[in-house]
Trainee: 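Before I ask anything, here is the structure I am working with.
Protein chains get the first letters and strands the later ones, always in sequence-line order, with residue 1 at the start of each.
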Amino acid sequence: MYPFSKIEKKWRKRWLEKAIYEPNLKKAKKPFYNLMMFPYPSAEGLHVGNTYAFVGSDIYGRFKRMSGHDVFEPIGLDGFGIHSENYALKIGAHPMKQAKVSEKNFYRQLQSLGNGFAWNEHLETYDPDYYRWTQWIFVQMWRNGLAYRKKQLVNWCPSCKTVLSDEQVISGECERCGTKVIKRELEQWFFRITKYADRLLRNLEKIDWPEKIKIAQTNWIGKSEGALIGFPVLETEFKIEVFTTRPDTLFGATYLVLAPEHPLISNLESKISNFKEVEKYIGRAAKKTEEERVAEGKEKTGVELKGLKAINPATKEEIPVWIADYVIGGYGTGAVMAVPAHDERDFEFAKKFDLPIRQVVMPRLLDPANPPRKGKPDTKRDIIHCLVKHPKENKIIVLRSKKLDWLTPVTGGIEEGESALEAAKREIYEETGYKNLRLLKEYPWTFHAEFYAAHKDVNRAVHSRVFYFELKNLERDEISPKETEKHDVEWLPLAKLHDLHPMAEVPFLVKWLDQGESAVVEEGVVFNSGKFDGLTSAEAKWDIAKFAGGKRTTNYRLRDWLISRQRYWGPPIPMIYCEACAAKGKGERKDMPGWYAVKEKDLPVKLPMVKDFKPLGTGQSPLATVKLFYETKCPACGAKARRETDVSDTFLDSAWYYLRYPSLGAKNSRLETKNSKLEIPWNQEITKKWFPVDMYIGGAEHAVLHLLYVRFAAMAFKDWGLISFEEPFKKFRAHGLLIKEGRKMSKSKGNVVRPDEFIEKYGTDTLRIYLMFLAPFEQGGDWRDAGIIGAVRFLNRVWKLGQSRLVRQKSLSPWLHGSIKKITEDISALHYNTSISELMVVLNKLESEPAAGRKDFEVFLLLLAPFAPFMAEELWESSGRRFSIHKSSWPEYDKKLVSAPTFELIVQINGRLRGKVTAAKGIGEAEAKKLAYGQPAVKDYLSGKEIKKIIFIPGKIINFVI
RNA sequence: GCCCGGGUGGCGGAAUGGCAUACGCGGAGGACUUAAAAUCCUCUGUCCGAAAGGACUUGUGGGUUCGAGUCCCACCCCGGGCACCA
C-alpha cells in the first residue's frame, strides 16, 4: 500500500504555496475557463455524487492545463436561498450562523478532492459583497424595464410558504420539498424573460450543448405558430379572441371555452343568466391544486355561460360559450375555440356535455407524417391492402372494386390456415393474375378506424395490414379470368409519390372520425369548409385565418420569471414603495407609481439578523415583521416609505456568479452612462479575456432552471452593454447521475455514500480513479463499495513500478503512441472510463514488456496525472523530473507509430470467421488471398467449392463467398 | 399521452458496418505462507464434446448487406424529462 495520506498532505501544501492552479488573470496567453456548477452547502457535507461531478470537471481542466492552456477553475458556494434555509430550519440552526459552519466543512471537503481549484477567487452568494451586486442586477432589471410587479395567480408551496416560479414546479410539486403546489393570487415581482423567448430559442443552434438540454429548453419555451381569431359576442361589443395553431379547423369550431380567470366573464355578468353557478365554478377551480387538476386528468368539468352566444367568423353560426379549467388562463388569450372533431380535449368535453362535433379535416391514413395508432390486431377482421408497384413505369396497381364504385384496395379476409402475407398474395393473384411478387414492405398497422372514400362516407371499422409489393416481371398469368372480369385492374401514375415513403400519396385511404372513440388530430385535407374544400391543412391554414379576419402570431409557453420569495435567507429585493408618491401618480416608472429602486450607491440592502426567521405563510416575508428594516424614507420625496420585504429567488444568485469569479481580485470597471459613471460588478478587461466560459459542467436537472435563467441574464447584460457576448457557456456538458447498487442514493433509503470515509481509507487518487472508471461520465454509473478494490490494486501496482528500477531508454516504445492517442481523444470526449481502461492496459504492458523503460513510465505518469494528481506528482518527483507534473506538457504521439506495422488479417467464409493471419500493413488482395489459403482450416473449407466473390478490405479482412 | 436516453457475460461496462464480451469486479484452480490477508500466475459467455472441434449468443420479430450489437421497419421492457400550452 502506498503512503497516500503523507503524499497528499505534502502536495496539497506545495500546490497552494506555489499557486500552480492560479492563472494570471490579467495576462494569461491562452485562457481556458473551466467551470463547474457551484454546490449549495448543507452541513451534511459533500456527497459522493458531488465528488463525481467535481472530479470529472477537474480532469478536463487538468488535461487542458497540461495541453498548454492557462486554466481557471474557480469554486464557490451557492449558500444563499431556500435550500440552505430549509436545511437550517431542519436542524434548528440559524441560517446566518449555519452558513459559516457549512462553509468551513464544505471547503475542507472540496480541498480534499485534489481538484485544481483557484482558491484565491472563491465566492459565497450570501456574502454582502456578493449580494450587493445581485441586488444591483435587480435594480438594472428594473431600470431597463425587465422587472415589474403584478397581481396574478401564482404557484404557492404551502410547506415552504413561498411562491415559486413555473420552473420550480416539477409535475405539480415544489422543486425543493415535493409538496403539492397550489395557486394563490398575489402581487409579485417578475422578470420579463419572455421578451427573450425567441432569442433563447434561436441561440440554441449556436451553442455546443447536449441535445437533451436543448430539447428540454425548446419544449419549455414552447414556440407555436398560429393565429389570433376574434369571435364576436352576440348583442355586445365584445369580441372573444382565441389563439389557435389550427385555423384550418375553424369551420369545425362549435363552441368557445374560456379559462375561469378570463376577464370577460365579470364584464358580461349582466348577460349571463346563470352567473351564480358560474361564480361557484370559478371559486372551485381556483382552489384546486395543480395536482388535483392533473389527477382529474381527463375528466373535464365546465359550465356554460348561459345567455351568451358567440359567432363563428367562418360559418357565421351562433355558438355557445363555456368556461372550463382545462383552459389555462396564462397561455395565449386564455380562451380557445373548441373543435371537438380535431382536438382530444375538446372532443372529451363535447362528449361529456353533448356539444356538436363536426369533422372538417380528413387525414391520410398512410401519410408518413401521421403514423397510425397502436393496438392489437384482430386477425378475424383483418383487411389486407395490397399495392403493387410497376417495376419500370413508376406506377402502382390498385384494385377497383365494383361493389363500392370507388377505388379501394379492399380485399377479402384471411382464410383458414393462411398467413396474412399469403392471403395478400392470393388476393392479388385472384384479382389481377399477377404472380411474381416480391414483398417490398409490410405495414402491420393495427389501428381501429373507419375508411372514407373521397366522395362517400363508407365502410366499417376494421383492422388493417398493408403489404406493398413489387412485381419481379410483368408476366401475367391468365389463370383467373373470372376474377379479373369482376374487377378492373388499373395502373395509377406514381408521379406524386415522394421518395421518402412509397405510399405517401395513396389517395384513397383516409382516416375518418370515429364518433365513439376519439378525435382526429392529424392534419390532412379540408372539407365541409366552403370554398376551402380540397386544400390541405397547410394550404388552408392561413387562408382561413385571413378569411375570418384573424392574424398570424407566435405564442410561447414560457412565462415570466417570478422572482420574489416570501422567505428570509436571500437578498432583499432593493425596492422602496412610497404611498405619498403613489397617491400622486409619481414614481420612477410611469407604469408603477410609488416604486423606487434603492440607489446603487446605497447597496447592499443588508439582510438583518432576525431571530425568528421562519416563513410566515401570510404571503409576506418574515422581514415584514421587522420594523427597523422596512421603515425608510422615499428616495424622491423624503416621506415615510416602506421597503420591499420579499427576497429574490436563489436562482438569481447563480445567474451571474460565473462573471464574478475572475474579477474578484481586480477593480470593478465603470461604465459611462448618460449622466454618470456606473460601477459594474466586474472588470471589463478581464471579462473580455476570459469569457464566454470555455467548458461548463453540471447536472442535467438544471435544464430549464439555472441553465435557462443564466442565459437570459447574459442576454440582458449584453443588451445593457455590460458584456460583449450573449451566450455565457460555449460548451456545456451534463454529468450523469451516480446511483448505488441499481438504486437512487437518498437519505431516506440510507444509502448515501460519503466520500470522506473512502478518502480516508484508500486516498483521494483511488476514489477519483474508481469514480471515473465505473461508467461513462456523461451517463452516470452504479457505485459499488466492493468495486473500489480495482482502483486500489491499480494504483498500488503503479506505485510499485515507480519504486522499481527502470531502464533508461533512448526513445519511447512504439506501442505507447496508440495509447497516447486513445487517452488524449477519450479525455477530450469526457470518456474517462475508457481512458482509465487504457491506462490499465499500458500498465500491464509496462510490467510485462522487457523493453519498457523509464521514458515510457514517465509518459504514463503524464497520462495518469489528471486522474491521480497526487501519486503522479510524487512519482514524477522521485523520477527526478521538475515540479510540477501538472504544469508539464501533455505527451504527443507520432502519427506514424500509432498503429503497428502488421495487423491480423481476418479470414471469413460467407461472413463467418474461419481464420486469422498476421500480415504486413500494406498488402493487396492477391497477397491476402495467398495468406488465407495458407491457413489449413481455410483451405479445407474452400477445397472443391466454387468461389463466387471475394471481398477484401485492406488492413482488415478477406471474405470468401461460396 | 408526447419527447429524450438505454436494453451486450454472474456484475460495472468496451466495441469508425468487419475478431462481440476490451478494462475492471466477482468466481475457480495454482504459487508463496505454519496459516490467513496481501501479492503473483492460469482459467472463466452458453450448449454439445473426453479432446480436437462444432453450434449458438448483444430485449423480440422482420429487413438491407459478402458481413449487423452497430443501419432500416415494427414491437416489448427499463430509466429520465414534459404533461389539459389550444
Trainee: Could you check Phe243(A) against Glu838(A) and say which one's nearest nucleotide on RNA chain B is further toward the 5' end?
Mentor: Glu838(A)

Trainee: Grab the NZ-P distance between Lys916(A) and G18(B) for me, whole Å please.
Mentor: 16 Å

Trainee: Let's test this: given Watson-Crick or G-U wobble pairing with both distances under 3.5 Å, identify the partner of C82(B).
Mentor: G1(B)

Trainee: How many whole angstroms separate atom CG of Leu707(A) from atom P of G81(B)?
Mentor: 15 Å

Trainee: Quick one: list whatever passes ring pair (Phe, Tyr, Trp, His ring centres under 6.0 Å) with Phe4(A), sequence neighbours left out.
Mentor: Tyr2(A)

Trainee: If I pick the C1' atom on U57(B) and the same atom on G9(B), what distance separates them, to the nearest angstrom?
Mentor: 10 Å

Trainee: Give every pair of a protein N or O atom and an N or O atom of nucleotides 53-56 of chain B that lie under 3.5 Å apart, one pair per line with the distance.
Mentor:
unit_1	atom_1	unit_2	atom_2	d
C56(B)	OP2	Arg912(A)	NH1	3.3
C56(B)	OP2	Arg912(A)	NH2	2.7

Trainee: Which nucleotide, if any, forms a Watson-Crick or G-U wobble pair with C56(B), using both distances under 3.5 Å?
Mentor: G45(B)

Trainee: Rounding to an integer number of Å, can you tell me how far Ile906(A) CD1 sits from C19(B) P?
Mentor: 7 Å

Trainee: Write out a two-atom table: protein N or O, nucleotide N or O from nucleotides 66-70 of chain B, distance below 3.5 Å.
Mentor:
unit_1	atom_1	unit_2	atom_2	d
C66(B)	OP1	Lys949(A)	NZ	3.4
C66(B)	O2	Asn959(A)	ND2	2.3

Trainee: Can you check the distance between A35(B) and A22(B), where both ends of the measurement are the P atom (answer in whole Å)?
Mentor: 34 Å

Trainee: Return the value, rounded to whole Å, for the distance between atom CZ of Phe349(A) and atom C1' of C84(B).
Mentor: 12 Å

Trainee: Tell me the interatomic distance from Asn844(A), atom CG, to A14(B), atom P, rounded to whole angstroms.
Mentor: 19 Å

Trainee: More 5' along RNA chain B: Ile170(A) or Lys212(A), using each one's nearest nucleotide?
Mentor: Lys212(A)

Trainee: Protein-nucleotides 36-45 of chain B N/O pairs closer than 3.5 Å?
Mentor:
none

Trainee: Just checking Lys212(A): does its NZ atom have more than 12 heavy atoms from other residues, nucleotides or ligands closer to it than 6.0 angstrom?
Mentor: no

Trainee: Roughly how many Å apart are A86(B) and A15(B), using the C1' atom of each and rounding to a whole number?
Mentor: 47 Å

Trainee: Mind checking what makes side chain to side chain contact (heavy atoms under 4.5 Å, CB included) contact with Ser224(A), not counting sequence neighbours?
Mentor: Phe243(A), Thr245(A), Tyr331(A), Asn555(A)

Trainee: Hey, does Ile950(A) reach any base, or is it just sugar-phosphate, or nothing, if we go heavy atoms under 4.0 Å?
Mentor: nothing

Trainee: Give a yes/no on whether any side-chain N or O of Thr834(A) is located under 4.0 angstrom from OP1 or OP2 of A22(B).
Mentor: no

Trainee: Strictly by salt bridge (Lys or Arg N to Asp or Glu O under 4.0 Å), give each pair with a member in residues 329-343 of chain A just once, sequence neighbours left out.
Mentor: Asp343(A)-Arg345(A)

Trainee: If we count only N and O atoms by modelled type, under 3.5 Å, do the side chains of Tyr281(A) and Thr301(A) hold a donor and an acceptor together?
Mentor: yes

Trainee: Using distance only, find each side-chain donor-acceptor pair of residues 947-955 of chain A under 3.5 Å and give its atom names and separation, not counting sequence neighbours.
Mentor:
none

Trainee: Output, in order, the C-alpha distance, side-chain angles, deciding distance and verdict of ring-ring contact (aromatic ring centres under 6.0 Å, His included) for Trp783(A) and Phe758(A).
Mentor: CA-CA 12 Å; Trp783(A) 170 282; Phe758(A) 288 91; 4.9 Å; yes

Trainee: Quick one: closest heavy-atom pair of Ala350(A) and Pro340(A), and the distance?
Mentor: CB-CB, 3.5 Å

Trainee: Does Lys300(A) make a cation-pi contact with Phe349(A) (under 6.0 Å, within 45 degrees of the axis)?
Mentor: no

Trainee: Quote, to the nearest angstrom, the P distance that separates A50(B) from G62(B).
Mentor: 33 Å

Trainee: So with a 6.0 Å cut-off around NZ of Lys352(A), is the heavy-atom count from everything else above 12?
Mentor: yes

Trainee: For residues Asp346(A) and Tyr326(A), is any side-chain donor paired with an opposing acceptor at under 3.5 Å?
Mentor: yes

Trainee: What integer distance in Å separates Asn833(A):CG from A14(B):C1'?
Mentor: 8 Å

Trainee: Rounded to whole angstrom, note down the P distance from U58(B) over to U21(B).
Mentor: 14 Å

Trainee: Roughly, in whole Å, what's the span from CD1 in Ile739(A) to C1' in G13(B)?
Mentor: 13 Å

Trainee: If the condition is salt bridge (Lys or Arg N to Asp or Glu O under 4.0 Å), which residues does Lys223(A) pass it with, not counting sequence neighbours?
Mentor: Asp198(A)

Trainee: With sugar-phosphate meaning primed atoms plus P, OP1 and OP2, does Trp783(A) contact a base, only sugar-phosphate, or nothing at under 4.0 Å between heavy atoms?
Mentor: nothing

Trainee: When rounded to the nearest Å, what value does the distance between P atoms of G13(B) and G17(B) take?
Mentor: 22 Å

Trainee: If G10(B) has a Watson-Crick or G-U wobble mate with both distances under 3.5 Å, name it; if not, just say none.
Mentor: C25(B)

Trainee: Give me the distances for all protein-to-nucleotides 7-12 of chain B N/O pairs that come in under 3.5 Å?
Mentor:
unit_1	atom_1	unit_2	atom_2	d
G12(B)	O2'	Leu774(A)	O	2.7

Trainee: Tell which nucleotide pairs with G67(B), taking only Watson-Crick or G-U wobble pairs whose two distances are both under 3.5 angstrom.
Mentor: none

Trainee: Tell me every residue that passes ring pair (Phe, Tyr, Trp, His ring centres under 6.0 Å) with Tyr52(A), counting only those two or more places apart in sequence or in another chain.
Mentor: Phe777(A)

Trainee: Given the P atoms of G24(B) and U44(B), what is the spacing between them in whole Å?
Mentor: 15 Å

Trainee: Under the side chain to side chain contact (heavy atoms under 4.5 Å, CB included) rule, collect the residues that match up with Gln152(A), sequence neighbours excluded.
Mentor: Lys150(A), Val154(A), Phe190(A)

Trainee: Between C73(B) and C4(B), how many Å separate the two P atoms, rounded to a whole number?
Mentor: 13 Å

Trainee: Calculate the interatomic distance between Tyr832(A) atom OH and G24(B) atom C1'; express it in whole Å.
Mentor: 20 Å

Trainee: Is there a side-chain polar atom (N or O) of Tyr331(A) under 4.0 Å from OP1 or OP2 of A86(B)?
Mentor: yes

Trainee: Please collect all salt bridge (Lys or Arg N to Asp or Glu O under 4.0 Å) contacts where either partner lies in residues 244-255 of chain A, sequence neighbours excluded, each pair once.
Mentor: Arg246(A)-Asp248(A), Arg246(A)-Glu523(A)

